[in-house]
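Source: prediction; values computed, not measured. Each chain gets a letter, A, B and so on, in the order the sequences are listed, and its residues count up from 1.
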There are 2 protein chains.
Amino acid sequence: MSIGQVADRTGLSIHTLRFYEHEGILANPVHRDLGGRRVYSEDDVEWLTLCTVLRASGMPLPAIRQYTELVRQGAGNEEQRLTVLRHHHERVTAQMGRLSKSLDLISYKIRVYEDIVGHGAPGDRCNAPSRPPDADRADPG
Amino acid sequence: MSIGQVADRTGLSIHTLRFYEHEGILANPVHRDLGGRRVYSEDDVEWLTLCTVLRASGMPLPAIRQYTELVRQGAGNEEQRLTVLRHHHERVTAQMGRLSKSLDLISYKIRVYEDIVGHGAPGDRCNAPSRPPDADRADPG
DNA sequence: GCTTGACCTAGAGCCGACTCTAGGGCCTAG
DNA sequence: CTAGGCCCTAGAGTCGGCTCTAGGTCAAGC
């Protein structure tokens, strides 16, 4: 599979694929054809797909590289892989917690503004926000 | 309140506070004392606290600035504020969805490795993963 | 009168993660 | 035999979001 095809399949750009390889993010070094062009295997694509999931969940490239190296070393270091994965699991759950808390505040603010906008505008304005409106003021006082 | 005190209370660095002001992230321009030093009000701190929540949930600075400007303009643009907030709400829920999907995969991989490690190691190894182990291989085949 | 410490401005530097450029190779079709 | 398309490398540039530096002001304490 050529780099262009892999770019299409993974959603990563050609630039990014080369960049990842340079950063040591590929489990086995990519094969080359006679002309020196990259030839990707199905496994490479699978691995890259995993990497995009890890990236999408905020794992930094150094951590992915570390995990990649463990996998490259082969069996015997599963404990270490677990450590990396658990660390990331924690990072993601923490981030989801933060997001969820933020979302509460954002939702609350939306309700407040909906209530403000609702007064005078057509539509249902029967369900008041659960707390008194304290939307943002430019000049409080 | 001095910039140092605000830094302590918000968790933002002094540098960042000045940077945010420069970026137009403060609803009302910060007051200065006779010596030209920033004097923050309680409202400023509240606003900054809101901003940290928005930042923590991934709202980009330009969007925060936009929202800030709407608030600065005063009453009358609540619909626009709602648009900004709803947009961000969507962004956050989308991100949480992505994280949740990623977390599923990460959790699955952790279970797989726990199963691998469990064989031969002391401890409970009675609950097998729900799918056959297909942990990462360095050299598949 | 000198030091210390908190603050000021303008602007440079840094970091992570890409993203793009310059300059070139190789193959195929017209 | 040349144009187009896809690929190559090395390295520079970009972007968002800080973070820090240089050089200076001001007030309090010794």
Rounded to whole angstroms, how far apart are [atom1] on [X] and [atom2] on [N]?
X       : N      : atom1 : atom2 : result
A:Ile25 : C:dC18 : CD1   : C1'   : 13 Å
B:Phe19 : C:dA12 : CZ    : P     : 15 Å
A:His15 : D:dA10 : NE2   : C1'   : 13 Å
A:Leu17 : D:dT9  : CG    : P     : 12 Å
B:Asp33 : D:dC26 : CG    : P     : 11 Å
A:Glu23 : C:dA17 : CD    : C1'   : 9 Å
B:Ile14 : D:dC18 : CD1   : P     : 16 Å
B:Gln5  : C:dG5  : CD    : C1'   : 14 Å

Pairwise distance CD1(B:Ile25) to CZ(B:Arg55) - rounded to 0.5 angstrom: 9.0 Å
Can you tell me if B:Tyr20 touches the phosphate of D:dG17, counting only side-chain N or O atoms and a distance under 4.0 Å to OP1 or OP2? no
Which of the following nucleotides, [options], is nearest to the side chain of [X]?
X       : options               : result
A:Arg32 : D:dC8, D:dG17, C:dA17 : D:dC8
B:Ile3  : C:dC7, D:dG17, D:dC8  : C:dC7
B:Ser2  : C:dC7, C:dC20, C:dC18 : C:dC7

May I ask you to test the B:Leu50-B:Leu54 pair for a side-chain heavy-atom distance under 4.5 Å? yes
Give a yes-or-no answer on whether the side chains of B:His31 and B:Ser41 include a donor-acceptor pair shorter than 3.5 Å. no
Using every non-hydrogen atom in the two residues, find where B:Val71 and B:Trp47 come nearest and quote the distance to one decimal. CG2-CH2, 3.8 Å
At under 4.0 Å between heavy atoms, what does [X] touch on the DNA or RNA strands: base, sugar-phosphate, or nothing?
X       : result
B:Arg55 : sugar-phosphate
B:Arg38 : sugar-phosphate
B:Gly35 : nothing

Base of C:dA6, side chain of B:Arg37 - is there a donor-acceptor contact under 3.5 Å? yes
Upstream residue (5' side of DNA chain D) when B:Pro60 and B:Arg18 are each assigned their closest nucleotide: B:Pro60
Between B:Arg86 and A:Glu114, is a salt bridge (charged side-chain N to carboxylate O under 4.0 Å, His left out) present by the stated rule, with each step listed? CA-CA 11 Å; B:Arg86 283 187 178 134; A:Glu114 277 172 349; 2.7 Å; yes
